[in-house]
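Below: one structure, written as structure tokens.
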Amino acid sequence: MALNPFFLHGSSGEQSLVQSLINEHLKMFGVEVVYIPRKIVNRKEIIEEIQASKFDEEFAIEAYVNTYEGHSGSGDILTKFGISLRDELTITISKERFEDFISTFLKKNDSSEISLSTRPREGDLIYFPLGKRLFEIKFVEHEQPFYQLGKLYVYELKCELFEYEDEVIDTSIYEIDSQVQEEGFITTLNLIGAGSTAQVSPFIGTGYVQEITITNDGSGYTSTPTVAISTSPSGNPLHNAEAVAITTVSSGVYSIKEIRLTNAGAGYTVAPTISITGSGSGAIATCSINTSSYGIVRTVIDNAGSGYAGSPPTITFTGPVGVGSTATAVLVMNNSTGGISSVRFINPGYGYTVGDTPTATVSSPSTITGIGTFEFNEIIVGGTSGTSARVKSWDQSNNILKISNVGIGSTTAGFLSGEVIVGTISSARYTVSSYVHDDTYDKYTQNDEIEVEADNILDFTESNPFGEY
């Protein structure tokens with residue numbers, strides 16, 4: 001027999017005693033760190049590249065700092081991208097404590113879509129409270145000390161300072177989540193505050209275009225054609241009729257569905273001619289005029305309003321009319337401001353009398369916007385696009401919202417101007433004025449400056465400065 005049978009060489013009782021002593025030692029002389037497991041959300045199957053991951057759980061555990069003299073590693077290095085911090089940290093945690101108080105919860109949350117660790121794994125994070133820093137585990141040493149009494153008792157975690165790359169960090173602990181508040185690719189949403197109702201003033205006239213009839217919708221158009229109407233004999237530019245084509249598209253080919261007036265004109269004694277030009281051909285339209293009564297010939301937008309989202313508001317005309325007829329029109333919304341941009345007539349109406357100009361009433365924004373305060377790290381959702389993102393910062397005085405992780409859970413990579421965004425936690429609601437693709441906070445944004453300066457030194461546009469081979 002190779003070993004002396006009269007010695008136990010590591011009984012379970014001895015191993016348990018050593019483990020208890022190590023646990024007690026860590027509780028007395030260690031530091032409480034936060035272990036943050038990495039959840040793999042999306043992985044490339046071919047080369048096993050992790051495309052998306054998130055950190056949304058946290059577990060406090062005691063750890064002994066091995067590098068007690070300070071951070072190890074390469075320290076602070078000056079690179080072409082700026083100063084790079086290469087600090088490293090080595091800590092030791094109890095194997096028993098990790099398996100009893102962390103692995104148990106990870107196994108319960110494991111699923112086929114999210115891969116979790118059942119032991120400390122490379123890629124998980126450690127929050128070191130003394131330096132208020134996040135470290136990424138680069139290597140887990142599980143055989144040191146080497147099998148004392150035939151068993152392993154600790155994990156030695158070798159960590160490097162975490163380099164943020166738009167991972168989702170949402171542990172609900174502000175001290176941890178805010179570590180990356182100003183890092184990564186951050187974009188800007190300029191929002192509209194409280195919405196306002198648009199105001200429109202109508203003007204009446206006679207000798208106007210009453211109706212436009214399409215006799216041939218044409219073919220071969222690849223874009224919306226232009227509609228031109230001959231000028232009014234009155235000589236007043238405001239009396240010239242104007243219209244736009246409303247098209248439908250099938251297999252990339254446009255055809256004219258209808259033509260709507262933006263100005264019915266005035267002073268016409270005979271029906272004007274209508275010409276339709278564009279990338280296609282064959283479209284023909286005629287019109288009829290009204291010279292016997294007054295109709296609403298044009299409008300002026302006094303206030304474009306704001307806060308309209310999804311669809312344009314409605315407009316109604318009220319006031320004294322001779323035969324009870326009224327004009328009908330539709331409003332076109334400007335998505336960049338959430339207001340209206342133009343009025344298009346379906347029917348200018350008739351029977352109005354001089355001195356009895358009707359009143360135009362525009363509906364108020366259907367959705368109340370410009371209320372609430374967005375919370376850091378909450379998810380916002382666009383009501384029209386369905387795009388989601390995480391809040392980085394909210395400047396309520398200027399209605400500027402900084403966001404990251406744009407496109408969470410959606411195939412739409414961006415928000416639409418004019419849509420309403422809602423905070424999933426705060427329930428704040430605002431309308432998007434503009435969506436700015438801004439990489440100001442991206443650590444690689446200096447690449448643009450480097451590339452410009454390099455082009456000034458070496459010009460490859462004319463010839464190869466290094467010669468031809």
Side-chain angles (χ1 to χ4, degrees), residues 31-67 71-74 84-95 97-129 131-144 152 154-173 175-181 183-185 377 390 404-405 408-409 442-444:
V31 175
E32 185 176 284
V33 299
V34 179
Y35 182 86
I36 310 172
R38 180 186 199 178
K39 294 182 179 179
I40 300 173
V41 179
N42 190 18
R43 185 200 300 265
K44 281 277 190 180
E45 296 297 333
I46 298 178
I47 58 176
E48 294 297 311
E49 178 188 4
I50 298 174
Q51 290 185 307
S53 58
K54 65 179 179 179
F55 303 87
D56 60 356
E57 290 186 315
E58 46 80 24
F59 303 92
I61 189 171
E62 61 278 3
Y64 183 79
V65 181
N66 295 39
T67 50
H71 295 294
S72 58
S74 303
S84 177
L85 304 181
R86 304 291 177 85
D87 292 338
E88 297 180 2
L89 182 71
T90 302
I91 61 175
T92 299
I93 64 173
S94 167
K95 185 173 183 290
R97 291 276 294 166
F98 183 88
E99 292 174 350
D100 289 347
F101 296 100
I102 297 180
S103 293
T104 302
F105 293 99
L106 299 184
K107 291 178 181 178
K108 290 181 180 180
N109 295 333
D110 200 1
S111 66
S112 58
E113 296 181 355
I114 301 178
S115 298
L116 297 174
S117 306
T118 56
R119 68 167 184 86
R121 297 291 298 271
E122 293 78 1
D124 293 351
L125 300 183
I126 296 292
Y127 176 69
F128 188 58
K132 295 183 178 180
R133 285 175 161 187
L134 282 171
F135 288 84
E136 181 180 353
I137 300 175
K138 291 298 183 179
F139 182 73
V140 179
E141 176 59 68
H142 66 284
E143 292 183 317
Q144 186 176 347
L152 302 172
V154 296
Y155 292 117
E156 187 177 82
L157 311 181
K158 299 185 178 182
C159 313
E160 290 182 358
L161 198 63
F162 177 57
E163 291 192 23
Y164 181 70
E165 295 180 357
D166 287 325
E167 293 88 351
V168 175
I169 298 182
D170 186 16
T171 64
S172 299
I173 300 178
E175 185 179 18
I176 297 176
D177 298 341
S178 61
Q179 296 301 311
V180 295
Q181 187 170 359
E183 296 184 18
F185 190 89
N377 222 21
R390 284 188 178 271
S404 65
N405 301 115
I408 299 173
D442 187 1
K443 68 177 180 179
Y444 297 116

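Atoms considered below: every heavy atom in the structure, side chains included; atoms not considered: hydrogens, waters and symmetry mates.
- Annotation: side chain of I126 is in contact with side chain of Y35 (closest heavy-atom distance under 4.5 Å).
- In plain terms, the two heavy atoms of E160 and E88 that are nearest each other are OE2-OE2, 3.6 Å.
- Proximity of a side-chain donor or acceptor of T90 to a complementary backbone N or O of C159 within less than 3.5 Å is not detected.
- Here CG of L89 is found 10.0 Å from CZ of R133. Values are rounded to the nearest 0.5 Å.
- When all heavy atoms are compared, the tightest approach of F105 to F101 is CD1-O, 3.2 Å.
- In terms of modelled atom types and a separation under 3.5 Å, the side chain of E122 and the main chain of V140 share a donor-acceptor contact.
- Here E167 pairs with nothing under the salt bridge (Lys or Arg N to Asp or Glu O under 4.0 Å) rule; sequence neighbours left out.
- Counting heavy atoms from C-beta on, the side chains of R121 and I137 never come closer than 4.5 Å.
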The test is side chain to side chain donor-acceptor pair (under 3.5 Å); show your working for Y127 and E58 and say whether it passes. CA-CA 9 Å; Y127 176 69; E58 46 80 24; over 6 Å; no
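- Here the straight-line distance linking atom OH of Y164 with atom CD of Q181 works out to 11.0 Å at 0.5 Å rounding.
- Looking at heavy atoms from C-beta onward, R38 lies out of side-chain contact with L125 at the 4.5 angstrom threshold.
- Rounding to the nearest 0.5 Å places OG1 of T92 at 3.5 Å from CG of N66.
- Within the 4.5 Å cutoff, no side-chain heavy atoms of K138 are placed close to those of K158.
- By the side chain to side chain contact (heavy atoms under 4.5 Å, CB included) test, E32 pairs with A60, sequence neighbours left out.
- Qualifying side chain to side chain contact (heavy atoms under 4.5 Å, CB included) partners for E62, counting only residues two or more places apart in sequence or in other chains: L26, K27, R97.
- Every residue meeting the ring-ring contact (aromatic ring centres under 6.0 Å, His included) condition with F135, not counting sequence neighbours, appears here in chain and number order: H71.
- From Y155, atom OH reaches atom NZ of K95 across 4.5 Å, with rounding to the nearest 0.5 Å.
- Of the inter-residue distances, the one linking I36 atom CD1 with F162 atom CZ reads 9.0 Å to the nearest 0.5 angstrom.
- Between F55 and I176, the closest side-chain pair of non-hydrogen atoms is not below 4.5 Å.
- The salt bridge (Lys or Arg N to Asp or Glu O under 4.0 Å) check on K132 picks up nothing, with sequence neighbours excluded.
- Considering all non-hydrogen atoms of both residues, L134 and Q179 come closest at CD1-CB, 4.0 Å.
- Residues satisfying the side chain to side chain contact (heavy atoms under 4.5 Å, CB included) test with D177, not counting sequence neighbours, are I169, D170, T171, F376, N377.
- Here the closest heavy-atom approach between residue H142 and residue L152 is recorded as O-CD1, 3.0 Å.
- At a threshold of 4.5 Å between non-hydrogen side-chain atoms, the residues D56 and V168 do not count as touching.
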